[in-house]
Every structure is written in C-alpha cells, then in structure tokens.
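Here's the structure we're looking at; comments come further down.
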Amino acid sequence: MKKKIEDYTGPAAGWGAVKAVAEALRGQMKIGHDVIAMFDMNKVDGFDCPGCAWPDPKHTASFDICENGAKALAWEATEKRTTPKFFAKHTVTELLSWDDFNLEDEGRLTHPMKYNSQTDKYEPIEWDDAFQQIGEHLRGYSDPNTVEFYTSGRTSNEAAFLYQLLAREYGTNNFPDCSNMCHEPTSVGLAAAIGVGKATVLLEDFDKADLVICIGHNPGTNHPRMLSSLREVSKRGAKIIAINPLRERGLERFAYPQDVVEMLTLESTPLAGHYYKVRVGGDTALIKGVMKVLIERHQAATDAGKPAILDLDFISTHTSGYDALKNDLATTGWKDILKVSGLPRESIEEIADLYTEAKNTIICYGMGITQHQHGTQNVQQLVNLLLLKGNIGREGAGICPLRGHSNVQGDRTVGITEKPSKSFLDKIEQRFGFRPPSKFGHAAVASMQAIYEGTAKALICMGGNLAVAMPDKDACFEGMKKLDLAVHTATKLNRSHLLTAKNTFLLPVLGRSEIDRQSSGAQCITVEDSMSMVHASKGLLKPCSPHLKSECAIVAGIAKAAIPNTKVEWDDFIDNYDLIRDAMEAVLPDFDDYNARIKIPGGFHLTNAASERRWLTKSGKANFMPTEGVIEDPKSAVNSELVLATLRSHDQYNTTIYGMNDRYRGVFGQRDVIFISQAEAQKQKLKAGDKVNIIALDCDQKPTKRRLDNLTVVIYDMADRSVATYFPEANNLISLDNFDPQCGIPAYKNIPVKLELCL
Ligand SMILES: Nc1nc2c(c(=O)[nH]1)N[C@H]1C(S)=C(S)[C@@H](COP(=O)(O)OP(=O)(O)OC[C@H]3O[C@@H](n4cnc5c(=O)[nH]c(N)nc54)[C@H](O)[C@@H]3O)O[C@H]1N2
Ligand SMILES: Nc1nc2c(c(=O)[nH]1)N[C@H]1C(S)=C(S)[C@@H](COP(=O)(O)OP(=O)(O)OC[C@H]3O[C@@H](n4cnc5c(=O)[nH]c(N)nc54)[C@H](O)[C@@H]3O)O[C@H]1N2
Ligand SMILES: [Mo]
C-alpha cells in the first residue's frame with residue numbers, strides 16, 4: 001500500500017469498516033463456512049470474540065461483529081500456515097531480521113517445535129518428548145522462584161486456573177501478566193478506594209446515564225462494540241464528554257453498520273458533544289481542577305442557601321477522607337492545574353457544569369489514565385470525582401475501566417496473581433491437598449528485571465509477546481537470551497519466540513474459534529468480560545492443524561512431567577472441562593453452580609460489592625484518595641516541554657500488526673510517524689513530512705541513549721506540548737524502571753522527549 005497522509009472524513013465504522021473487513025479477510029480466509037462462522041461470534045452457543053472485552057447486549061444479537069473483531073478472527077482463522085517446512089528454510093537469525101507483521105503473517109503454527117542451536121533452526125518435536133524435556137528442566141531447578149509463568153489475556157478461565165495450579169504446585173507465585181501492563185492501576189487503585197478492582201457498572205447502566213465521560217481510551221479502534229452503546233446514549237439525548245490529547249474519530253461520530261438507514265443515507269450519529277484535548281499526563285491536574293470548582297461552588301451555593309451540588313448524605317454515610325481531599329484541593333494552585341492539564345480554566349469550569357447538571361454519571365477510562373507513574377492515583381481521582389456526587393453504587397452511574405485482552409479480567413479472577421490472598425490459598429489446599437506457597441511472586445516488571453539480571457532461569461508463556469510488549473527492548477532482548485528454558489504456547493510466530501534461550505520450545509495451541517475436542521466430546525471454555533459477566537465460549541471451526549493442543553491440555557502435559565507426585569487429577573480435567581469448572585467452584589467465591597450458570601444465555605454476573613454500596617475496604621467505607629500535586633510522572637523530567645504517548649493504530653492488536661493503516665487518523669501505508677499539533681510543530685520548527693528522531697530525556701532533561709529515528713511528522717489535531725507514536729516500535733524509549741511504584745505498570749504514556757530534525 002502506498003504511503004499517504006490524508007484526512008479521514010467518514011464516521012467511525014460505517015462503510016469504511018465494511019470495506020476494511022473485506023480487505024482484512026482477503027488474503028487470510030476463503031469466503032465460505034469460516035467467514036459465516038464470524039456471525040456466530042458473541043452469540044449463545046458461539047465463541048467469544050478474541051478481540052476486546054466489551055460485553056455484549058445479551059449475547060443474542062443476530063449480527064454484532066465489528067471491524068476489529070473481524071480482523072482478530074480473520075487473523076486467527078487464516079488459511080496461512082507456519083509449518084516445519086517453513087522453519088527448515090529459515091534460521092532464527094534470519095527471521096529476527098523480519099518485521100513483526102511478516103512474522104505473524106506466515107500464519108498459524110502447526111507443529112510443536114524445539115530450537116536447535118547447532119542449526120539455528122526450530123525443528124519438530126513430538127508432544128510427549130517436549131513435555132518430558134520441559135518437565136526435566138523444571139525438575140532440575142533448585143528454587144521454583146527462578147521460573148516465571150507469564151499469561152497473556154486471551155487465556156480462558158479454565159486454562160488460567162490450571163496454569164496457576166501448575167505454578168503453585170510447582171512452588172511459585174511468579175505470575176507476570178499482561179494486566180500488569182494495562183489495568184493494574186485499576187486492580188490496585190479501585191480496590192483501595194472502593195474495595196473492588198473492577199467495573200461497578202453493567203451495560204444496562206448506559207441506558208440510564210445522563211453523562212458518560214470517556215477519558216484516555218480510543219473505542220473506535222480498541223473497543224469498537226462500545227460505539228453502539230455510546231450511540232444509544234447519544235440518541236437518547238444524554239451527553240458524552242471525551243478527554244483525550246488526540247482527536248479520535250471513534251469518539252466523535254459513528255455510523256452503525258447494522259443500521260440500514262444510517263448506512264444507506266451516509267448519516268452518522270454524533271458521539272462526544274464536548275471534546276477536551278488534555279495534555280498527555282494532564283488528567284490528574286484536570287480532574288483535580290474540576291473537583292476544586294465543584295467544592296468551591298458547592299460551598300458558595302450552600303452558604304447562600306441554594307441547593308447543594310455534592311451528595312453530602314452519601315459522603316457522610318458511605319465515605320471516608322472527604323476533608324483530606326478538600327484540604328488537598330484547596331492547596332492545589334490553578335497555575336499548576338492549567339499548565340499541566342494544558343486546558344483553559346473555562347474548559348474545566350464547563351466540565352464541572354456538565355457534571356453538576358447530570359444526575360447519573362459513568363466514567364469510562366483506558367490506557368491514557370493507567371499507563372503513568374501515578375496510574376493508580378489517576379484512577380483514584382476519577383473515583384473521587386464520582387464519589388462527590390454519590391455516582392457509585394446506583395443505576396446509571398459508576399466507574400467503567402475498559403479492559404484490554406478479551407479475558408484479562410477472568411484470568412485474574414481465577415488466580416493469576418503474584419499476591420494471592422490467604423483465603424484463596426487455603427481453598428486450594430482444601431481442594432487439592434497441597435500447600436501452595438504464600439511468598440509473593442513477580443509481576444511483569446519484576447519478572448523481566450529478574451530475566452535481565454539472570455536470576456530467572458526459565459520463562460513459560462501462555463501466549464503473548466512479552467519481550468516486545470515490555471519497555472526497554474534492549475534489556476528485554478538481552479535478558480531473554482540468558483534464560484536456560486523458554487516455553488511459548490502460541491498461535492503465531494512472534495519476536496519473543498526468536499529470542500531463544502538455551503532450551504526453547506514453541507507449542508502450537510488451538511485458538512478460541514476452533515473446536516476443542518477431548519475424550520468426552522467438544523469442550524467449551526469460559527471468559528469474563530469488562531463488566532464481570534462470565535459466559536461460555538465454544539469453538540466452531542475445524543482446527544488449523546491436527547497437531548494442535550488446547551491450552552488446558554498443554555498445561556496438564558507440562559504439569560504431569562514437571563511434578564511427579566502431583567495431587568491434581570490432570571487427566572480427568574482434560575477429558576472433561578466441566579470437572580475443571582467443578583474444581584473452580586470449590587476454590588473460588590461466587591462460582592456456585594458454575595456449570596449450570598454458564599448455560600444461561602449471556603452468562604452470569606460476578607457479585608460486585610461496590611456496586612451494591614458494600615465497601616470491602618479497610619475503613620469499611622468508600623475512600624476518597626487524594627493525591628499530592630498534579631504531576632503524574634514525577635520521576636520523569638517533570639518540566640519537560642514535550643512528552644510522548646505510545647498508542648495503538650487501527651490496524652494492530654497489541655504487538656500483532658494486521659496492516660500499515662491507521663485509517664481514522666488518516667495514516668496509510670506506514671507506521672513510522674509522529675503526531676504533533678500545528679502549533680507545536682511550528683514551535684519545534686517542523687512541518688508535515690519532515691523526518692525527525694525522538695530522543696528520550698532523563699529526570700534532569702538531559703538526552704539519554706534511548707532514541708527512535710527517522711519518523712515522519714504528521715500534523716494532527718491534538719494537545720500542544722505532547723506528541724504520539726505507535727507501540728511497540730517506541731518501546732525502547734522507556735526504561736524498565738519507569739513504572740508506577742504502587743502497582744508496577746510501566747509509564748508507557750508519558751515519556752519526556754526532544755525531537756531532532758533529520759538532515
Ligand atoms: N483492535 C484492537 N483492540 C484492542 C487492542 C488493540 O491493540 N487493538 N488492545 C487491547 C488491549 S490489551 C487494551 S489494554 C485496550 C487498550 O485500549 P485503549 O486504552 O483505548 O488504548 P491506547 O490506544 O493505548 O490508548 C488510548 C487513548 O489514550 C490517549 N492518551 C494517551 N495519553 C493520554 C493521557 O495522558 N491522557 C488521556 N486522557 N489520554 C491519553 C490516546 O490518545 C488514545 O486515544 O484495547 C484492547 N483492544
Ligand atoms: N509502549 C507501549 N507498550 C505497551 C502498551 C502500550 O500502550 N504502549 N500496552 C501494553 C498492554 S495494555 C498489553 S496488554 C501488552 C500486550 O502484551 P501481550 O499480551 O504479551 O501481547 P500480544 O501482542 O497481545 O500477544 C500476541 C501473541 O499472542 C499469541 N496468541 C494470540 N492468540 C492466542 C491464543 O488464543 N492463545 C495463545 N496461547 N496465544 C495466542 C500469538 O502468538 C501472538 O503473537 O502490551 C503492553 N505494551
Ligand atoms: Mo492491555
């Protein structure tokens with residue numbers, strides 16, 4: 001595709017999406033049965049979309065696929081294959097010179113493979129041999145805490161539950177997880193504030209909200225099915241506010257592909273009526289500004305005998321810490337708020353007006369909020385704002401984190417955590433008869449540090465592309481090569497697989513769309529969406545190779561070989577996944593009648609105490625959590641004149657690159673671009689099409705060695721003093737110690753930088 005930059009004038013979705021789906025399918029899938037299967041995605045008896053975690057209206061919609069869901073499926077159900085023949089032709093050294101797109105575009109992995117360092121090639125291996133050899137290595141390490149067990153969030157509840165059993169019976173709580181890179185501030189921040197680290201809303205709440213605030217997320221690309229919910233909100237006349245440094249088409253206008261009239265008349269529904277281009281890293285400043293206005297106005301109103309703005313009853317009955325919040329806001333100066341948020345005071349007052357007028361408010365947020373050194377505090381500022389008007393725990397109101405991978409939330413629920421609770425470990429012991437370790441283990445950053453420092457010996461990966469997704473490519477790549485053992489279960493080849501350890505195994509796994517047949521018949525698995533709905537998913541397509549195993553079967557195979565006296569009935573579990581679910585029911589709270597309840601269309605909702613105004617916090621109340629100052633990334637060069645956010649294009653799924661376009665942002669045929677506002681470009685003496693190098697700065701604003709060269713300048717409607725480019729290409733600009741100390745999330749969204757014009 002030819003490189004070009006061109007304004008995208010259409011709405012989000014609409015005909016552009018229909019065309020893009022057709023393009024995505026071309027070259028991947030034959031138009032036939034498999035494409036028809038797409039329409040069974042997210043339906044009762046069908047399989048869950050491997051794309052995002054946005055819930056479905058009732059899991060009964062006759063036709064509710066979205067462009068990026070279709071791309072995710074086309075990518076998984078492709079006709080292309082990465083076979084032993086392919087590996088015989090290419091050395092790993094050669095493959096390392098391929099780009100990420102071309103590696104995955106070779107298609108689905110078909111055979112278990114083992115790396116041979118003599119030939120520098122992956123070679124086929126029988127499953128049993130692979131398991132025996134992996135088991136032998138694992139049995140050889142004297143300290144189980146030198147093994148890291150990574151999970152990427154597509155893994156089903158059943159596989160994740162078995163995986164944590166394997167690791168814990170083996171003897172470790174080292175569970176680096178992709179959620180450590182996206183919603184850890186949610187798990188930690190919400191838990192401290194309201195006692196539950198998850199969304200307090202259900203899809204139905206969107207029908208009752210008067211105001212939806214979308215802050216730091218890009219639904220048109222990353223949660224496209226959310227657009228139909230936002231469309232309903234807008235059509236009802238409720239308001240939507242977008243707070244985002246970049247103007248994102250998916251937050252502005254949407255044409256619903258399922259609405260024939262909208263499609264044929266080329267009409268679209270406007271979404272956010274109010275758009276605030278906050279500076280990258282300016283959300284805490286902005287939200288604190290809004291709260292400051294609200295409290296001052298409330299004070300003035302009540303002094304003058306006018307109606308209250310805040311919900312004082314709620315505050316006194318249900319919360320703790322209001323005075324501390326008030327005091328902190330009183331000492332936060334407007335100069336700092338305006339400088340850091342990059343917004344004029346009128347905008348902040350306007351947001352306060354809209355929030356005051358609305359009876360019910362939902363706040364939705366994503367990576368723009370979480371991926372900062374103060375990601376946890378950022379999330380808590382959103383909760384503070386909601387608590388001021390009692391907007392948690394009633395209809396039409398609440399907090400709505402947009403989770404990432406389609407089952408990242410479920411994986412955590414069923415035990416993928418480096419900090420297990422005592423009650424969870426007790427239950428495992430009661431059910432399985434072994435005492436799991438209680439010493440806390442590693443999350444993602446700590447794992448990668450251990451890998452880099454050489455204290456970790458082995459890395460087992462349930463999917464994902466860890467070394468590419470993490471910050472500091474140089475350190476990650478070097479670390480991976482020092483490992484004694486790397487085991488990857490994957491659908492497609494990616495770069496992490498090529499960073500070979502002394503012993504490396506690549507195990508091909510069934511995708512969610514494929515039939516998982518075990519001795520008792522075809523199995524279903526379960527997943528949990530962003531709103532804590534748990535439901536079944538059953539693959540319908542013929543597996544792409546007869547040599548694939550399910551994730552559950554691979555975990556069991558490794559476990560049996562690594563733990564000779566295992567107490568777990570692995571074979572029974574694999575014969576029939578109902579038995580895994582029975583065991584989960586015995587161990588996990590809220591999973592009563594699990595096998596029966598997943599058969600209910602749409603699944604069942606896991607209890608969320610905060611949404612019932614039961615506060616499972618230490619204080620027994622919902623806690624206001626003030627944060628000092630307005631700086632979200634205090635360990636970076638806080639006065640940096642320019643900060644960089646790393647984002648996803650419309651044609652990518654994390655490290656999986658589907659194509660070279662970012663249609664809604666008007667970028668075609670390329671990814672090596674940097675977005676900058678017109679005014680900022682002028683200040684930097686740049687113009688569209690110029691080539692620049694990005695240089696990351698240290699705390700003292702001195703240039704570091706971290707750089708990304710030769711990016712094309714794209715003038716974009718966005719905040720000043722901010723720039724943006726794509727991940728994962730930009731990941732080497734971030735160091736491994738640039739993370740939120742409360743929860744460990746890397747600060748991917750606020751890198752102080754300077755630009756250098758290429759001559
Ligand atoms: N098609 C597709 N779907 C996906 C994914 C994918 O890669 N492709 N990834 C999945 C995963 S794992 C995740 S976690 C989610 C991610 O979903 P999102 O959270 O939407 O992810 P991003 O694209 O990283 O960034 C979102 C937005 O944050 C804005 N932003 C950047 N910095 C700031 C800031 O400082 N403040 C504010 N307010 N906004 C800021 C950016 O302009 C961008 O619009 O999507 C999931 N769904
Ligand atoms: N700079 C920067 N870095 C980031 C981010 C950012 O916004 N900016 N976002 C972060 C976020 S939110 C996340 S979640 C991480 C993503 O990190 P990961 O989850 O580790 O990465 P993915 O790219 O989603 O993993 C892709 C690989 O998963 C495998 N795969 C796909 N489907 C399946 C399956 O069904 N089963 C198995 N076993 N394997 C499968 C394929 O082999 C594919 O190559 O990246 C993080 N990194
Ligand atoms: Mo994510």
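Every number for a ligand or one of its atoms is a count from 1 in the order of the listing. These numbers were taken from a predicted model, which means no experiment stands behind them. Position 1 is the first residue of the sequence; numbering continues from there.
Contact annotation for His650 and ligand 1: no heavy atom of the residue comes within less than 4.0 Å of the ligand. The proximity of His372 to ligand 1, defined as any non-hydrogen pair under 4.0 Å, is limited to the side chain. Both the backbone and the side chain of Asn654 come within contact range of ligand 1, each with a heavy atom under 4.0 Å. Contact annotation: for Val408 versus ligand 1, there are no heavy atoms closer than 4.0 Å.
Residue, atom and distance of the protein heavy atom nearest to atom 13 (C) of ligand 1 are Gly404 CA, 3.2 Å. The single protein non-hydrogen atom nearest to atom 28 (O) of ligand 2 is Gly464 N, 3.1 Å, given as residue, atom name and distance. From the protein, the heavy atom lying nearest to atom 45 (O) of ligand 1 is Asn222 CB, 3.3 Å. Protein heavy atom nearest atom 44 (O) of ligand 1, with residue, atom name and distance: Glu248 OE2, 2.5 Å. Annotation: atom 26 (C) of ligand 1 to nearest protein heavy atom, His217 CA, 3.7 Å. Closest to atom 10 (C) of ligand 1 among all protein heavy atoms lies Tyr653 OH, 3.5 Å. Given atom 36 (N) of ligand 1, the protein heavy atom at minimum distance is Asp283 OD2, 2.6 Å. Summary of contacts: the protein heavy atom closest to atom 19 (O) of ligand 1 is Met367 N, 2.8 Å. Counting protein heavy atoms only, atom 23 (O) of ligand 2 is closest to Thr655 OG1, 2.5 Å. In terms of protein heavy-atom proximity, atom 42 (O) of ligand 1 is nearest to Asn244 OD1, 2.7 Å. Scanning all protein heavy atoms for the shortest distance to atom 6 (C) of ligand 2 gives Phe727 CD2, 3.5 Å.
Not one N or O on the side chain of Arg495 forms a donor-acceptor pair closer than 3.5 Å with the backbone of Phe477. Here the side chain of Asn174 pairs a donor or acceptor atom with the backbone of His442 at under 3.5 angstrom. Put simply, the side chain of Asn494 gets close to the backbone of Ser496: a donor and an acceptor are under 3.5 Å apart. Panel note: side chain Ser156, backbone Ala159; a donor-acceptor pair is recorded below 3.5 Å. A donor-acceptor contact shorter than 3.5 Å links the side chain of Asn407 to the backbone of Thr155. For His547 (side chain) and Pro112 (main-chain N/O), no donor-acceptor pair under 3.5 Å exists by modelled atom type.
Contact atoms of ligand 1 toward Thr221: 1 (N), 2 (C), 3 (N) (distance under 4.0 Å to a heavy atom of the residue). Close contacts of ligand 1 with Leu246, meaning ligand atoms under 4.0 Å from a residue heavy atom, involve 42 (O). Distances below 4.0 Å separate heavy atoms of Val280 from the following atoms of ligand 1: 35 (O). Remark: ligand 1 atoms within the under-4.0 Å shell around heavy atoms of Gly366 are 19 (O).
With atom 30 (N) of ligand 1 as the reference point, the heavy atom nearest to it among Cys182, Pro245, Ala645 is part of Pro245.
A cation-pi contact links Lys635 to Phe739, judged by a cut-off of 6.0 Å to the six-membered ring centre and 45° from its axis.
Among the atoms of Leu647, none of the N or O lies under 3.5 angstrom from an N or O of ligand 1. The distance criterion of under 3.5 Å between nitrogen or oxygen atoms is not met by Thr646 with respect to ligand 1. Considering both main-chain and side-chain atoms, Arg665 never comes within under 3.5 Å of ligand 1 through any nitrogen or oxygen pair. Ligand 1 has no nitrogen or oxygen under 3.5 angstrom from a nitrogen or oxygen of Glu632. For a threshold of 3.5 Å applied to N or O pairs, the pair formed by Arg403 and ligand 1 contains no separation below that value. At under 3.5 Å, a nitrogen or oxygen of Gly281, whether backbone or side chain, sits near a nitrogen or oxygen of ligand 1.
Side-chain atoms of Gln409 and Ser530 include no donor-acceptor pair closer than 3.5 Å. Counting only N and O atoms by type, the side chains of Glu528 and Asn157 include no donor and acceptor under 3.5 Å apart.
At least one heavy atom of His223 sits closer than 4.0 Å to an atom of ligand 1. Remark: distances from the non-hydrogen atoms of Met470 to ligand 2 are all 4.0 Å or more. Proximity of Arg648 to ligand 2 is established by a heavy-atom distance of less than 4.0 Å. Contact between Lys492 and ligand 2 is present, with at least one heavy atom of the residue lying under 4.0 Å from the ligand.
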Between Tyr365 and His183, is a ring-ring contact (aromatic ring centres under 6.0 Å, His included) present by the stated rule, with each step listed? CA-CA 10 Å; Tyr365 67 93; His183 271 290; 5.8 Å; yes
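Lys277 and Asp717 are joined by a salt bridge, as a carboxylate oxygen and a charged side-chain nitrogen come within less than 4.0 angstrom of each other. A salt bridge between Arg81 and Glu106 is absent, with no side-chain N of the basic residue lying under 4.0 Å from a carboxylate O of the acidic one.
By the side chain to side chain contact (heavy atoms under 4.5 Å, CB included) test, Glu680 is found to be paired with Leu642, Ile676, Ser677, Lys683, Gln684, Asp720, Arg721, residues two or more places apart in sequence or in another chain being considered.
In this structure, Ser341 and Leu286 approach most closely via the heavy-atom pair CB-N, 3.9 Å.
Screening Asn731, Asn465, Val445 against Met470 for a side-chain contact (heavy atoms from CB on, under 4.5 Å) leaves a single residue, Val445. Screening Val673, Val714, Leu647 for a side-chain contact (heavy atoms from CB on, under 4.5 Å) involving Arg665 leaves a single residue, Leu647.
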